[in-house]
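Notes for the one structure printed next.
Here is the naming used below: chain letters follow the sequence lines, and residue numbers restart at 1 for every chain. The structure presented is a predicted model; accordingly, all values stated were derived computationally and were not measured.
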2 protein chains.
Amino acid sequence: MAVTIRDVAKAAGVSASTVSRALSIPDMVDPETRRRVTRVAEHLGYRPNRAARGLSTGRTGNLGLILPDLANPFFPSVVKGIQLAAHQADYQVFVADSDEDASTELGLVRVLAKQVDGIILCSPRMKPAELREAATLAPVVLVNRKERSIPSVSVDNVGGMRQIIEHLSAQGHRSVGYVGGPRSSWSNRERVRGLRVAANQNGVELVELGHFAPTFDGGTDAAEGAVISGVSAVVAYNDLVALGLLNGLRDRGVDVPGEMSVVGIDNIPMSAMVQPSLTTLDIPKDLAGRTSVDLLLRLLTEESAHVARARELATELLARHTTAPAPTTSTRPTGRSRTPRL
Amino acid sequence: MAVTIRDVAKAAGVSASTVSRALSIPDMVDPETRRRVTRVAEHLGYRPNRAARGLSTGRTGNLGLILPDLANPFFPSVVKGIQLAAHQADYQVFVADSDEDASTELGLVRVLAKQVDGIILCSPRMKPAELREAATLAPVVLVNRKERSIPSVSVDNVGGMRQIIEHLSAQGHRSVGYVGGPRSSWSNRERVRGLRVAANQNGVELVELGHFAPTFDGGTDAAEGAVISGVSAVVAYNDLVALGLLNGLRDRGVDVPGEMSVVGIDNIPMSAMVQPSLTTLDIPKDLAGRTSVDLLLRLLTEESAHVARARELATELLARHTTAPAPTTSTRPTGRSRTPRL
DNA sequence: GAAGAGTTTGCAAACGGTTGCAGCAAATGT
DNA sequence: ACATTTGCTGCAACCGTTTGCAAACTCTTC
């Protein structure tokens with residue numbers, strides 16, 4: 001049916017090996033033959049069968065990507081970055097969504113392991129032991145997470161939290177709430193840690209408001225607690241939560257940013273569209289995707305020894321319109337004060 | 001490195017063929033042998049190499065999925081539906097994002113064709129001739145689009161548009177605007193067509209406001225024209241556009257739904273979160289994904305002759321809070337009138 | 001007890017590539 | 001003119017499966 005290497009060989013009057021070499025190790029064959037072969041191949045519309053090639057070389061030209069939830073607007077940018085970088089290197093990407101279920105993820109790793117050259121794993125919930133098991137099944141790069149001895153691309157959470165706290169502190173907030181994400185999430189733990197350190201250093205009181213689902217509804221649920229706690233600003237686990245929180249606050253008649261400042265994390269597209277637009281910590285999603293592919297391919301090709309195995313990306317606070325100076329008892333909050341930019 | 005069928009064979013004291021059969025055509029081997037083989041395979045952690053299997057059977061166990069933009073919140077649900085159905089049938093999915101570029105898409109089809117058993121193609125922009133070319137390269141199922149002779153899963157756009165117009169008409173709107181999507185989009189053309197028919201039948205004037213990018217910003221851009229046109233309600237090409245439009249209208253001080261009603265299409269998650277929540281035409285995204293896999297696999301296995309090749313899914317109007325009775329010259333719009341439900 | 005039928009198994013040839021090795025011709029060295 | 005290197009090519013084995021075919025064996029059946 002499809003045109004094979006032997007078809008090309010016959011048509012060009014050479015052996016299959018020569019065709020193979022003409023296409024993949026060009027300067028091992030005579031320029032004249034090479035030209036003829038490539039012309040014939042082109043003409044016949046020959047495309048090497050990657051599966052077959054994979055069989056003999058052990059390299060499939062495929063990458064696997066496992067992530068918890070494609071519907072979370074954080075991920076599409078990452079995926080796009082990954083796809084872009086992969087395609088440029090002539091790799092295809094298998095994407096698998098685990099529906100936020102860590103056990104499914106390990107299963108997916110098992111299934112994918114044999115079919116790909118490496119796996120990009122975005123699994124905030126897997127346990128360290130599981131991660132290490134996964135890493136034995138195939139070359140793995142972790143995204144948005146660090147784990148001893150496994151290559152990873154992560155984000156400077158601590159630095160990001162510092163930026164957030166400093167921004168709030170500079171505006172006079174002395175008591176800041178944190179609407180936490182899932183207890184089992186690695187990022188969540190990192191963020192709490194970063195917030196504590198930064199709060200401490202800036203003389204700010206950090207009030208942990210509990211754990212919530214990393215969704216819009218999770219944020220809505222958190223509004224009540226935020227109001228009661230008496231903080232003047234709240235940081236949310238991510239933008240989706242922050243958006244829900246904004247919604248919950250509005251329902252309760254709390255003016256943002258006049259009476260309460262809100263900060264998100266991720267900078268998902270929606271955060272700039274909403275009104276007032278959300279102050280948030282930008283995470284370079286697309287870059288993270290590209291970097292992870294870059295790292296993975298390096299590990300596959302290079303002697304893998306002397307390549308930096310953990311990369312940490314910088315974040316940047318985008319001061320938009322949900323943060324403002326803390327209301328004081330003496331002054332009524334204006335709600336129209338200009339939001340300072342960093 | 002990995003354990004092969006021969007390893008299992010040796011360990012079980014049988015030939016490779018027997019192992020192969022024990023696992024894939026169980027009742028062709030002696031129950032006793034079968035038991036032994038499966039036990040050994042299990043114990044050794046044997047997993048058949050799919051690429052190798054693909055080589056000899058011609059079936060890869062992979063499906064390709066090509067779509068224009070993962071970042072468009074419409075698609076993740078579709079992708080999830082596809083993945084779910086595919087995994088259940090023991091297929092893996094290659095996902096490729098074309099960045100809204102139709103020519104990239106044809107290239108992707110070419111690349112994927114040899115590596116997958118079939119392709120699910122979601123390409124609003126490809127020309128019919130290109131689609132037909134694509135369909136010659138691999139079994140193809142179209143999603144959200146119909147094209148003579150190519151199997152497809154689409155949505156009842158005309159019926160949906162009728163629901164929208166009837167809803168608006170019932171509330172006294174006599175002049176309805178349409179914020180169009182890209183000129184080259186098939187769905188857009190279908191929607192215009194459906195709107196015209198329905199408007200005609202309901203004695204409603206349809207004002208086409210032009211073509212806009214299928215994004216939030218596209219919607220924002222459309223606001224000015226909508227206001228000027230003097231319509232009392234506007235239908236947007238999709239929810240993203242509707243959301244942008246809402247934003248643009250607010251900037252201009254136009255009260256929704258008091259002075260202007262707005263209807264979206266797609267029912268993306270965000271549409272329920274925004275305030276006021278968006279009245280929109282729900283498209284069964286997840287179902288569309290599952291159906292497309294179902295159809296594709298049927299075409300691959302069944303004698304493919306007598307399987308319905310085009311499936312059309314029903315839509316449902318979700319009346320939320322951006323639609324209300326048309327303002328009249330005699331009565332001032334209240335803006336707080338209760339939005340009727342269908 | 002031999003022939004025929006039915007099971008169960010193994011051999012070997014694919015599937016479509018890659019690659020070590022050997023062969024051959026031309027170029028180079030002396 | 002001969003030996004040696006160099007450059008290019010083909011042969012054949014291999015990657016891990018599946019599968020047509022035939023061999024071997026076990027039952028029936030007459």
Side-chain angles (χ1 to χ4, degrees), chain A residues 1-38 40-41 44-62 90 92 111-117 138 301, chain B residues 1-38 40-41 44-62 90 92 111-117 138 301:
Chain A
M1 180 102 351
V3 27
T4 79
I5 203 172
R6 280 172 244 269
D7 298 332
V8 177
K10 197 175 306 174
V14 295
S15 75
S17 355
T18 301
V19 176
S20 173
R21 286 190 274 252
L23 299 175
S24 48
I25 332 176
D27 36 32
M28 195 173 169
V29 317
D30 185 82
E32 163 58 25
T33 341
R34 186 200 317 159
R35 210 154 17 232
R36 184 154 35 99
V37 168
T38 47
V40 171
L44 262 46
Y46 169 71
R47 318 224 50 150
N49 179 323
R50 294 177 137 238
R53 173 182 305 187
L55 246 200
S56 60
T57 59
R59 307 277 304 266
T60 63
N62 298 332
D90 204 21
Q92 291 295 319
V111 170
L112 281 181
K114 304 299 167 37
Q115 310 187 58
V116 301
D117 296 338
T301 58
Chain B
M1 180 101 352
V3 28
T4 80
I5 204 172
R6 278 176 249 270
D7 298 332
V8 178
K10 196 175 309 173
V14 295
S15 76
S17 355
T18 301
V19 175
S20 173
R21 287 190 273 251
L23 299 175
S24 48
I25 333 175
D27 36 32
M28 194 172 168
V29 317
D30 185 83
E32 162 58 23
T33 343
R34 185 199 318 157
R35 210 158 12 235
R36 184 154 33 100
V37 168
T38 48
V40 171
L44 262 47
Y46 168 71
R47 318 222 50 148
N49 178 324
R50 294 179 136 237
R53 176 186 312 211
L55 245 201
S56 66
T57 60
R59 306 277 305 267
T60 63
N62 298 332
D90 204 20
Q92 291 295 318
V111 170
L112 281 182
K114 304 299 167 36
Q115 311 187 58
V116 300
D117 296 336
T301 58

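Judged by closest nucleotide on DNA chain D, A:R36 is the one of A:R6 and A:R36 placed further toward the 5' end.
Of all the residues in residues 46-62 of chain A, A:Y46, A:R47, A:P48, A:N49, A:A52, A:R53, A:L55, A:S56, A:T57 reach under 4.0 Å from DNA chain C with at least one non-hydrogen atom. Scanning residues 15-27 of chain B for heavy-atom distances under 4.0 Å to DNA chain D yields B:S17, B:S20, B:R21.
Remark: P of C:dA25 and CG of A:D30 are 15 Å apart, rounded to the nearest angstrom. Rounding to whole angstrom units, NZ of residue B:K10 and P of C:dG10 are separated by 14 Å. The distance between atom CD of B:E32 and atom P of D:dT26, rounded to the nearest whole Å, is 15 Å. Rounded to whole Å, the distance from CZ on B:R35 to C1' on C:dT8 is 15 Å. For the pair B:M28 CE and C:dT7 P, the interatomic distance rounds to 11 Å; values are reported in whole Å.
The side chain to side chain donor-acceptor pair (under 3.5 Å) contacts involving residues 44-53 of chain B comprise B:R50-B:D90, where partners must be two or more places apart or lie in separate chains. Listed by first and then second residue, the side chain to side chain donor-acceptor pair (under 3.5 Å) pairs that reach into residues 6-15 of chain B are B:S15-B:S17, B:S15-B:T18, sequence neighbours excluded. Within the structure, every pair that satisfies the salt bridge (Lys or Arg N to Asp or Glu O under 4.0 Å) test and touches residues 14-32 of chain B, not counting sequence neighbours, is listed here: B:E32-B:R35.
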Task: Working for side-chain contact (heavy atoms from CB on, under 4.5 Å), residues B:R36 and B:T33 - done: CA-CA 5 Å; B:R36 184 154 33 100; B:T33 343; 3.5 Å; yes
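Considering A:V8, A:T38, A:V29 as possible partners of A:L23, the one that fulfils the side chain to side chain contact (heavy atoms under 4.5 Å, CB included) test is A:T38.
Here B:Q92 contributes atom CD and A:L112 contributes atom CG; the two are 5.0 Å apart, rounded to the nearest 0.5 Å. Remark: A:D117 CG to A:T57 OG1 distance equals 8.0 Å, nearest 0.5 Å.
Counting all heavy atoms, side chain and backbone alike, B:V40 lies closest to B:A11 at CG1-CB, 3.6 Å. Between A:A9 and A:A16 the shortest heavy-atom distance is CB-N, 3.6 Å. Among all heavy-atom pairs drawn from B:A22 and B:V37, the shortest one is CB-CG1, 3.7 Å.
Each end of the helix from C:dG1-D:dC30 to C:dT30-D:dA1 gets its own axis, taken as the rotation carrying the C1' atoms of four end pairs onto the next four within a five-pair window, and the two axes meet at 50° to the nearest 10 degrees.
For the side chain to side chain donor-acceptor pair (under 3.5 Å) test, residues two or more places apart in sequence or in another chain that qualify with B:R59 are B:Y91.
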